[in-house]
Amino acid sequence: MQKSGKVVVVSQHYPPDPSTTAAIMAAISDRVAQEAEVLVLSGTAGSAISAQAGKPEVVEVKNWMPGKGALGKRAVAELLFTVRMFFVLLARLRRGDVTLTVPAPFMLPYAFAAAAKLKGARSALIMHDLYPDVLVMAGLLRPQSIVAKAMRALNAPMFRALDAVVIIGRDTEKLLLRYGGMTSDKIRFIPNWATLARGVRAVDPGNPYRRSLSARFVVGLSGNLGFTHDPVIVFEAARLLRDDKDIHFLLSGWGIGFDQLKAMQAEAKLPNVTLVDRVEEEQLEAFLSAADVWIIPYRRNVAGVSVPSRFYNLLAIGRPVILVSEADAEAALTVIEHDVGWVVEPGNAGELAKTVSRAARADDPQRAERAAEISRRFDFEIAMANYCGLIRELLQKTSRGTGAGARSGASGTP
């Protein structure tokens with residue numbers, strides 16, 4: 001890569017934070033650090049480490065993280081973090097640098113793009129979630145509310161200021177192009193990747209998560225169940241199937257949605273439901289291999305707004321997926337195009353129950369093979385090559401475009 005500037009990665013979540021976002025940003029930072037100087041500005045306590053050869057320098061930015069249920073406190077905390085990060089970026093960025101972030105918190109990209117523009121740095125945003133659309137989908141904002149309109153108004157100048165936007169789903173592009181500040185040449189499609197090795201795992205009755213279940217067919221649910229997910233539809237489908245002794249629901253995860261599941265099961269005590277607390281990374285492969293099929297339940301209007309990262313690991317181990325979403329959402333497109341599962345209309349528990357029953361009767365061993373095979377396209381090395389290529393391109397652009405400004409003293413801390 002060009003040595004004209006450093007790469008500044010901005011992330012509220014970074015290891016030892018166990019979130020998927022933290023793992024993704026660390027993977028990108030570590031790989032880019034093999035070719036360029038990388039500075040990580042992290043909002044996670046304990047993430048700063050001493051500089052090591054081939055590893056990025058990590059600087060912690062003070063961050064307060066209330067629980068997800070405390071919405072008022074969380075909004076204040078995220079605003080404070082965004083303001084702090086803005087001033088840290090002003091102090092750390094130099095003309096010729098390239099900076100990269102994700103919309104977490106959702107206010108961060110606005111400050112990020114402004115700081116990069118002020119300092120003459122190139123900027124790229126990884127669009128994990130599109131705001132305000134994701135907040136509208138979650139029911140936290142009304143589509144025509146003042147806040148939603150304000151966010152849309154801010155999006156246009158932000159997209160205009162950004163040099164690149166990475167999308168992880170094909171369905172996001174059409175939503176981005178609604179904004180005057182966005183052009184198709186700025187958009188790069190780089191899907192996330194599977195973290196488990198590709199290959200069909202046999203359904204083993206002796207699996208530690210399965211051996212206590214007497215049912216022939218196990219339906220799984222796993223991961224962070226946040227505001228965009230609908231765990232209720234899964235529980236209601238289980239309620240409708242409670243008398244089918246062949247089918248059992250194995251439900252795990254964390255977040256407000258999993259708290260809902262715990263509360264519903266405490267009241268209903270469905271015999272065909274087993275709840276498992278969050279499974280640690282080292283046990284993930286065994287847990288995902290325990291079920292015959294997995295459900296990913298979204299609320300309405302997910303298309304273009306969010307892509308489930310857990311989807312890639314399910315494909316990698318050869319498990320069919322029942323996706324609750326619109327048919328034009330990214331994961332649904334993959335399911336339909338390659339016949340690796342089923343797509344169910346959001347909010348329709350009866351249809352989900354029928355689909356689970358149909359999956360339990362399905363006899364297509366090639367579906368598992370197809371799932372593992374298409375997971376090739378969601379490969380870590382391919383994603384890293386694409387990210388490094390993007391960073392290299394942006395560094396070259398800064399190298400070509402900063403000569404006069406750098407010589408005239410345009411860089412430096414204000």
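- Summarising the local packing, NZ of Lys354 is surrounded by 12 or fewer heavy atoms from other residues, nucleotides or ligands at distances under 6.0 Å.
- Using cut-offs of 30° and 60° on the angle between ring planes, the pair Phe159 and Tyr179 is tilted.
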Next item on the list: Evaluate side chain to side chain contact (heavy atoms under 4.5 Å, CB included) for Val165 paired with Arg188, printing each intermediate quantity in order.
Entry: CA-CA 6 Å; Val165 177; Arg188 310 300 169 86; over 6 Å; no
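- Using a distance-only test at 3.5 Å, with no hydrogens or angles considered, no donor-acceptor pair links the side chain of Thr99 to the main chain of Ala121.
- We find the OG1-CZ distance between Thr20 and Arg310 to be 8.0 Å, quoted to the nearest 0.5 Å.
- Separating the CG atom in Asp163 from the CD atom in Glu393 is a distance of 9.5 Å, to the nearest 0.5 Å.
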Check: Step by step, would you call Asp133 with Arg178 a salt bridge (charged side-chain N to carboxylate O under 4.0 Å, His left out)?
Finding: CA-CA 13 Å; Asp133 304 64; Arg178 298 177 306 182; 3.2 Å; yes
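- Between the CG atom in Leu213 and the NE2 atom in His248 there is a gap of 4.5 Å [rounded to 0.5 Å].
- Here the side chains of Ile391 and Leu395 are in contact, with some heavy-atom distance below 4.5 Å.
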Margin query: The test is salt bridge (charged side-chain N to carboxylate O under 4.0 Å, His left out); show your working for Glu326 and Arg300 and say whether it passes.
Written below: CA-CA 7 Å; Glu326 288 80 18; Arg300 294 188 184 279; 5.3 Å; no
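- A salt bridge links Asp30 with Lys55; the closest basic N to acidic carboxylate O contact falls under 4.0 Å.
- Asp363 meets the side chain to side chain contact (heavy atoms under 4.5 Å, CB included) test with Pro365; sequence neighbours excluded.
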Check: Passes side chain to side chain donor-acceptor pair (under 3.5 Å), Asn313 versus Thr195? Steps please.
Finding: CA-CA 6 Å; Asn313 277 336; Thr195 60; 2.9 Å; yes
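- At least one donor-acceptor pair closer than 3.5 Å links the side chain of Ser29 to the backbone N or O of Met25.
- Counted within 6.0 Å of CZ on Phe87, heavy atoms from surrounding residues, nucleotides or ligands total 12 or fewer; the atom is thus considered open.
- Side chain of Arg239 to main chain of Ala268: no donor-acceptor pair is present (N/O by atom type, distance under 3.5 Å, no hydrogens or angles).
- Applying the ring-ring contact (aromatic ring centres under 6.0 Å, His included) definition to pairs two or more places apart or across chains, those involving residues 267-325 are Tyr209-Phe287, His229-Tyr298, Phe287-Trp294, Tyr312-Phe378.
- Taking a cutoff of 4.0 Å between a charged side-chain nitrogen and a carboxylate oxygen, Arg198 and Glu373 do not qualify as a salt bridge.
- Between Leu225 and Ile256, every side-chain heavy-atom pair lies at or beyond the 4.5 Å cut-off.
- In this structure, the separation between CG on Leu394 and CG on Asp97 is 12.0 Å, given to the nearest 0.5 Å.
- Remark: the backbone N or O of Val136 is not paired with any side-chain donor or acceptor of Arg142 at under 3.5 angstrom.
- No donor-acceptor distance shorter than 3.5 angstrom exists from the side chain of Lys174 to the backbone of Asp171, with no hydrogens or angles considered.
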Enumerate, atom names and distances included, each donor-acceptor pair closer than 3.5 Å involving a side-chain atom of residues 100-117, sequence neighbours excluded.
residue	atom	partner	partner atom	Å
Thr101	OG1	Val10	O	2.8
Tyr110	OH	Asn155	OD1	2.7

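- Residue Arg278 places its CZ atom among more than 12 non-hydrogen atoms of other residues, nucleotides or ligands, all under 6.0 Å distant.
- Side-chain contact check for Ser306 and Asp129: at least one donor-acceptor pair (N or O, by modelled atom type) lies under 3.5 Å.
- In this structure a side-chain-to-backbone donor-acceptor pair under 3.5 Å is present from Lys186 to Leu162.
- A donor-acceptor pair under 3.5 Å links the side-chain atoms of Glu60 to the main chain of Gly46, judged by distance alone.
- Checked options Ile247, Val273, Asn272; the residue passing with Arg242 is Asn272 (criterion: side-chain contact (heavy atoms from CB on, under 4.5 Å)).
- Heavy-atom contacts from other residues, nucleotides or ligands closer than 6.0 Å to CD of Glu267 number 12 or fewer.
- Without hydrogens or angle criteria, Ser11 side chain to Tyr14 main chain gives no donor-acceptor distance under 3.5 Å.
- Between Asp244 and Phe217 there is no side-chain heavy-atom pair separated by less than 4.5 Å.
- Heavy atoms from other residues, nucleotides or ligands lying under 6.0 Å from CD of Glu281 number 12 at most.
- Counting only heavy atoms from C-beta outward, the side chains of Ile167 and Glu173 approach each other to under 4.5 Å.
- Among all heavy-atom pairs drawn from Arg370 and His338, the shortest one is NE-O, 3.1 Å.
- In this structure, the side chain of Asp328 does not engage the main chain of Leu333 through any donor-acceptor pair within 3.5 Å.
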